[in-house]
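Each remark here refers to the structure printed beneath this line.
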Amino acid sequence: ETMLSRNDLALLLKEVLGVLETFKWQDMATEFRKWIFQSDNSENVVRRVIDESVELHREAIGVLTLSKFLADETLSSHLLLAARNLADFHEAIDREMKLMLEK
């Protein structure tokens, strides 16, 4: 490995400084600000979508809970009606059998 001389290092440093002088720092800063702003906006959009999704899921759970309650109530009503009809049927059979036995 060879070491660069002081003059070689000075020339390289001048070349680097020349390139840095042509670099558009303001443009880079502007692009960086845009990138940060877009990132913040994207994060806010994702957060808003997640919040809306959570709210929709909560509403869906509420609707499903209400539907289950209504289905349970409807089933209970049908079971009570069926039990009443069955009891009426048995009472009618008992009456008919009693009439037949009395004859």
Side-chain angles (χ1 to χ4, degrees):
E1 296 178 17
T2 60
M3 292 185 65
L4 296 174
S5 69
R6 182 179 176 134
N7 288 337
D8 291 338
L9 286 173
L11 288 173
L12 287 173
L13 185 56
K14 283 181 184 178
E15 187 178 327
V16 168
L17 289 174
V19 169
L20 289 175
E21 285 176 5
T22 63
F23 196 76
K24 298 180 180 175
W25 294 101
Q26 189 60 39
D27 291 346
M28 185 185 79
T30 302
E31 287 299 317
F32 189 63
R33 280 188 201 103
K34 285 182 192 175
W35 181 77
I36 291 173
F37 182 73
Q38 289 172 352
S39 173
D40 287 345
N41 281 344
S42 295
E43 183 179 332
N44 288 337
V45 168
V46 169
R47 185 175 290 126
R48 195 172 332 118
V49 167
I50 289 172
D51 289 344
E52 289 172 3
S53 176
V54 167
E55 186 60 32
L56 288 173
H57 281 90
R58 285 184 181 144
E59 288 178 16
I61 289 170
V63 168
L64 291 172
T65 302
L66 180 60
S67 296
K68 181 188 178 302
F69 174 76
L70 292 174
D72 288 345
E73 288 298 310
T74 302
L75 182 59
S76 295
S77 296
H78 285 291
L79 286 173
L80 287 173
L81 184 60
R84 180 72 250 162
N85 288 338
L86 185 60
D88 291 344
F89 175 73
H90 283 290
E91 286 176 10
I93 289 176
D94 286 344
R95 276 193 307 270
E96 287 296 322
M97 289 182 83
K98 186 176 182 182
L99 286 173
M100 287 176 63
L101 289 175
E102 288 176 356
K103 290 183 180 180

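The first residue of the sequence shown is numbered 1, and numbering continues consecutively from there. Below, each value reflects all heavy atoms present in this structure, side chains not excepted, and no hydrogens, waters or symmetry copies.
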Please table the atom pairs, donor to acceptor, closer than 3.5 Å between any side-chain atom in residues 58-73 and protein atoms at least two apart or in another chain.
| residue | atom | partner | partner atom | Å |
| --- | --- | --- | --- | --- |
| Thr65 | OG1 | Ile61 | O | 2.7 |
| Ser67 | OG | Val63 | O | 2.9 |
| Lys68 | NZ | Asp72 | OD2 | 2.9 |

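With rounding to the nearest 0.5 angstrom, the CG atom of Asp8 is 12.5 Å from the CZ atom of Arg6. The CG atom of Leu86 lies 12.0 Å from the CG atom of Leu79; values are rounded to the nearest 0.5 Å. For the atom pair Glu102 CD and Lys98 NZ, the distance stands at 6.0 Å (nearest 0.5 Å). Note: Asp94 CG to Leu99 CG = 11.0 Å, rounded to the nearest 0.5 Å. One distance of note links CG of Asn44 with CG of Asp40; it measures 6.5 Å at 0.5 Å rounding.
No continuous path of ILVMFWY side-chain contacts below 4.5 Å connects Met28 to Trp35, so the two sit in separate hydrophobic clusters. Each of Val45 and Phe37 belongs to its own hydrophobic cluster when Ile, Leu, Val, Met, Phe, Trp and Tyr are linked at side-chain heavy-atom distances under 4.5 angstrom. Under the 4.5 Å side-chain heavy-atom criterion for ILVMFWY residues, no single connected hydrophobic cluster contains both Phe89 and Leu81.
Residues Arg84 and Glu91 are paired through a salt bridge, judged by an N-O separation under 4.0 Å between the basic side chain and the carboxylate. For the pair Arg48 and Glu52, the salt-bridge criterion is not met [side-chain N within less than 4.0 Å of a carboxylate O].
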